[in-house]
Each structure stands twice: as C-alpha cells, then as structure tokens.
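Structure first, then comments.
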Amino acid sequence: MEVLRRSSVFAAEVMEVFDRSPTDKELVSQAKALCRDYINSRLIRAGVSWSKPEHNTPVPGGKLAEVSAILLRLGDELEYIRPNVYRNIARQLNISLHSETVVTDAFLAVAAQIFTAGITWGKVVSLYAVAAGLAVDCVRHAQPAMVHTIVDCLGEFVRKTLVTWLKRRGGWADITKCVVSTDPSLRSHWLVAAICSFGHFLKAIFFVLLPER
C-alpha cells in the first residue's frame, strides 16, 4: 500500500530555504509539500489509500517538519471544533468529482471566500483542511488523480494570493508562533481568526452552488 510516495532528497531542497529569505517559487513549493503531508495524514486517518503516485513528494524534515506538525495540530483543533465543516466537502458543494475543471473551480471559489476579509494563519489552516477534506472525498470516489490537482491548485492559490503575506512574515515558519500552549483546554489567538473563516466557508458553499454544474 503506497500513500503519497515521498522523496527525502526533494525534502532537503525544500527545507534548506528556511535558512534564508525564501523566493516566491520556494514558498509555493513548501506550500505544496505541506499540503501533501496534510492530505496524507487525513487519508491515513480516514482509513483510505491510493496507488497512483505521479510526483516525488517530500518527507518534511527539520524546520519544515516542525511547520508541518504544527499545521496538522492546528488543523486537528479546527476540525475538532467543527467536525462536520471539513468532511464531505464535495457533498456540501454539490459538485461532481469526475471533472478536473469542476473540482478546481470549486476549490478556488472556496479559497477566495475564506480569504475575502483578509489573511490570517487561522484561515490558512482552514484552507488546508478544505483541501484535505476534498482529497479524501476524491479518493473515496475512485478519483485519486484529483489529489494532485488539489495540491497544484492550492499551490497556485498560494502563489497568487498568499506569497506576499508569507514573505512579510518570513515564510511558513511564522506559523509556529500560533502555538502558545500545549494545554488542549486553552485556545490560542489563532482560533479567533479561524472561527471567523467559517462564515466565509459557508458563503463559499452557496457561491459554488449558484452556477449549474
């Protein structure tokens, strides 16, 4: 059983850019590596796997591994608060998973609505949770190749919308500041922004439902 095949060589190339100011291309590459890892985690948790790897994908190491672990931890917290929001994404959006165009358009519509009132780490986590939820739906509906489409789509959205914001914060490592306590009963400040993104997520659902698909 092979789930999102990894390449440690590529991981090292992605990781080393944390030692300097990352370029736009590097930030996008890291975003996609983090997305693959997030999706892999959710596929394992859902008990589903796929066997059509088309790209070498990295095992996050060093600082990238820390970023990935924190992204997953914050995602766990977000999904715990609203367990139904990030499941059955395709059903909520009422879309077919057999068309790459439909999946891409729907994901980008949701992403745009999530960030319509600005960018926060909470909303970034929400974006990854949506991507992973949609990827799980695709694999469950025998469309594993769509996982690559979702990863690439997220990367393109990061390039167009989030890169400048990320560069101002020194890159993806800034997300580590969101973790202020290991006590699960306490809520970090990032959750406030994340909760605010739920309204935009729901708006996105209605927005995507408007066109005929």
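All values below were derived from every heavy atom in this structure, side-chain atoms included, with hydrogens, water molecules and symmetry-related copies excluded.
- In this structure, Ile119 CD1 and Thr161 OG1 are separated by 7.0 Å, a value rounded to the nearest 0.5 Å.
- To the nearest 0.5 Å, atom CG of residue Asn88 and atom CG of residue Asp137 are 6.0 Å apart.
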*Kindly indicate, with the supporting measurements, whether the criterion side chain to side chain contact (heavy atoms under 4.5 Å, CB included) is fulfilled by Asp152 and Thr104.*
CA-CA 9 Å; Asp152 290 341; Thr104 297; over 6 Å; no
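- Closest non-hydrogen pair, Leu154 versus Cys35, comes out as CD1-SG, 3.9 Å.
- Side-chain contact between Val103 and Glu100 is absent, with no heavy-atom pair separated by less than 4.5 Å.
- Under the salt bridge (Lys or Arg N to Asp or Glu O under 4.0 Å) criterion, Glu156 pairs with Arg159, Lys160, sequence neighbours left out.
- In this pair, Trp121 and Trp165 present their aromatic rings perpendicular. The plane angle is above 60°, beyond the 30 to 60° band.
- The shortest heavy-atom contact between Gly155 and Val28 is O-CG1, 3.5 Å.
- Residues Glu79 and Ala129 approach most closely at OE2-CB, 3.8 Å, considering heavy atoms.
- A salt bridge is defined here as a Lys NZ or Arg NE, NH1 or NH2 lying under 4.0 Å from an Asp or Glu carboxylate O, and Lys167 with Asp24 meets this definition.
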_Step-by-step side chain to side chain contact (heavy atoms under 4.5 Å, CB included) determination, Val110 to Ile89_ = CA-CA 10 Å; Val110 171; Ile89 302 292; 5.9 Å; no
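- The NZ atom of Lys63 sits 10.0 Å away from atom OG1 of Thr176, with the distance rounded to the nearest 0.5 Å.
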*Passes side chain to side chain contact (heavy atoms under 4.5 Å, CB included), Val158 versus Leu166? Steps please.*
CA-CA 9 Å; Val158 168; Leu166 285 166; 4.0 Å; yes
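- Closest non-hydrogen pair, Ile39 versus Ala135, comes out as CG2-CB, 3.7 Å.
- When every heavy atom of Ile150 is checked against every heavy atom of Cys138, the shortest pair comes out as CD1-SG, 4.0 Å.
- Remark: side-chain polar atoms of Gln30 are not paired, donor with acceptor, to backbone N or O of Leu27 under 3.5 angstrom.
- With sequence neighbours excluded, no residue forms a side chain to side chain donor-acceptor pair (under 3.5 Å) with His141.
- If you take OG on Ser41 and CZ on Arg36, they are separated by 16.0 Å, rounding to the nearest 0.5 Å.
- Checking side-chain atoms of Trp172 against main-chain N and O of Val67 turns up no donor-acceptor pair under 3.5 Å.
- Remark: side-chain polar atoms of Tyr86 are not paired, donor with acceptor, to backbone N or O of Ala132 under 3.5 angstrom.
- Asp105 contributes atom CG, which lies 9.5 Å from atom CD1 of Ile95 (distance to the nearest 0.5 angstrom).
- Of all heavy-atom pairs between Ala112 and Phe157, the closest is N-CE1, 3.9 Å.
- The salt bridge (Lys or Arg N to Asp or Glu O under 4.0 Å) check on Asp76 picks up Arg42, Arg45, with sequence neighbours excluded.
- The shortest distance between side-chain heavy atoms of Leu72 and Tyr128 does not fall below 4.5 Å.
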*Let me see the working for Phe115 and Leu127 under side chain to side chain contact (heavy atoms under 4.5 Å, CB included), right down to the final yes or no.*
CA-CA 9 Å; Phe115 293 94; Leu127 177 69; 4.0 Å; yes
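- Counting only distance, with no hydrogens or angles, the side chain of Gln92 and the backbone of Arg87 share a donor-acceptor pair below 3.5 Å.
- Rounded to the nearest 0.5 angstrom, Ser126 OG and Leu78 CG are separated by 5.5 Å.
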